[in-house]
Protein chains: 2
Amino acid sequence: MEKKLEIFSHFEECPVRKVLNRCGDKWSVLILLVLGEVDNMRFNKLHKTIGDISQKMLTVTLRTLEADGLIKRTVFPEIPPRVEYEITERGKSLLVHINKLVDWAEENMEDIMESRAKFES
Amino acid sequence: MEKKLEIFSHFEECPVRKVLNRCGDKWSVLILLVLGEVDNMRFNKLHKTIGDISQKMLTVTLRTLEADGLIKRTVFPEIPPRVEYEITERGKSLLVHINKLVDWAEENMEDIMESRAKFES
DNA sequence: AACATTAGTTACTTGAAAGTAAGTATCTCA
DNA sequence: TGAGATACTTACTTTCAAGTAACTAATGTT
């Protein structure tokens, strides 16, 4: 009998995939990294800090991060409006692992770039 | 003076992003997880194990993983052809961190699903 | 002679993520 | 009086990752 890999049956409905898919989009990880460095940050400050994100994608990504409980959104009923975003404990616990990945990428990127260059030839 | 977030200047050329982007695609992580469980695996066995990947995407993803030195491809000059894929040491070192993320996702997915449900209402 | 096997390639299509640009509400300040 | 600030929303367009399906080479098998 062959060894079975149970993990991968019905993988399309896999909840792990559902959760991790959100780490694979273009902006979520970056926003978490930024909010992990500060107490909180307002919308426009985030926009300027990241630089190349559109307002729309900033809004969309912040909403999904909020929906997952990774960041907290606080509205101050002032005019002009003030909205502050901060990372939650859950977000911080994820960020620990993301930072490990970033460290790994920094440690290995030279070797990887070299591998890619070799591979093309 | 405000605190600067150096990490994010010129982020589009950021090598960390270049490396981690490949973790964000649909199949790379899954293939690494499979190859992390066995000594090696042939193309068609991988295809059947994953189930819902197309031949094309399996080829494409294996090629990029190979280009990054995360897996090794060995061709045996037989007919019909035999090609074996195995994870490299570099791939294993990445997999450690990926598995941490998977563990985190498993630990937190219930809470996250609950948060998402609440958020929609 | 035709079918199976293996590990692909090729050409075309689709769909979802992301981008663009303009509009919105409300107040303050010059 | 009209321009600026803030945090968006909306409608439309683009892009590219991924999917589909057919084709390939070389040999062994019936």
Just by distance, with hydrogens left out, do B:Arg116 and A:Thr64 show a side-chain donor and acceptor under 3.5 Å apart?
no

Could you pick out which residue, A:Thr61 or A:Pro81, lies toward the 5' side of DNA chain C when each is mapped onto its nearest nucleotide?
A:Thr61

Between P of D:dA5 and CD1 of A:Ile79, the distance in whole Å
17 Å

Nucleotide of C:dG19, C:dA7, D:dC8 approaching A:Trp27 most closely (side-chain heavy atoms):
C:dG19

Can you tell me the distance, in whole Å, between the CG atom of B:Asn21 and the C1' atom of C:dA17?
14 Å

Looking only at side-chain atoms of A:Met57, point me to the closest of C:dG8, C:dG19, C:dT6.
C:dG19

Which one of B:Ile71, B:Thr88, B:Leu95 satisfies the side chain to side chain contact (heavy atoms under 4.5 Å, CB included) criterion with B:Leu35?
B:Ile71

The single option from A:Val60, A:Ile50, A:Leu58, A:Leu62 that satisfies side chain to side chain contact (heavy atoms under 4.5 Å, CB included) with A:Trp27 is A:Ile50

Measure the distance from CD1 on A:Ile53 to C1' on C:dA17 and round it to the nearest whole Å.
12 Å

CG of B:Leu46 to CZ of B:Arg42, rounded to nearest 0.5 Å, is 11.0 Å

Taking CZ from A:Arg42 and P from D:dC8, how many angstroms apart are they, rounded to a whole number?
10 Å

When we call it a touch if two heavy atoms are under 4.0 Å apart, what does A:Phe76 touch: a base, just sugar-phosphate, or nothing?
nothing

Integer-rounded Å distance: C:dG15 P and B:Asp25 CG:
21 Å

Kindly point out which of C:dT26, D:dT6, C:dT10 is positioned nearest to the side chain of B:Lys56?
C:dT10

Roughly, in whole Å, what's the span from CD in B:Glu78 to P in C:dA7?
10 Å

Nearest to the A:Ser54 side chain among C:dT5, D:dA7, C:dT20, which nucleotide is it?
C:dT20

Pick the nucleotide of DNA chain D nearest each of B:Gln55 and A:Lys48; which residue has the one closer to the 5' end?
A:Lys48

Atom NE2 of A:His47 and atom P of D:dA5: how far apart are they, to the nearest Å?
15 Å

B:Arg82 and B:Thr74: side-chain donor and acceptor closer than 3.5 Å?
no

What integer distance in Å separates A:Ile31:CD1 from C:dA18:P?
11 Å

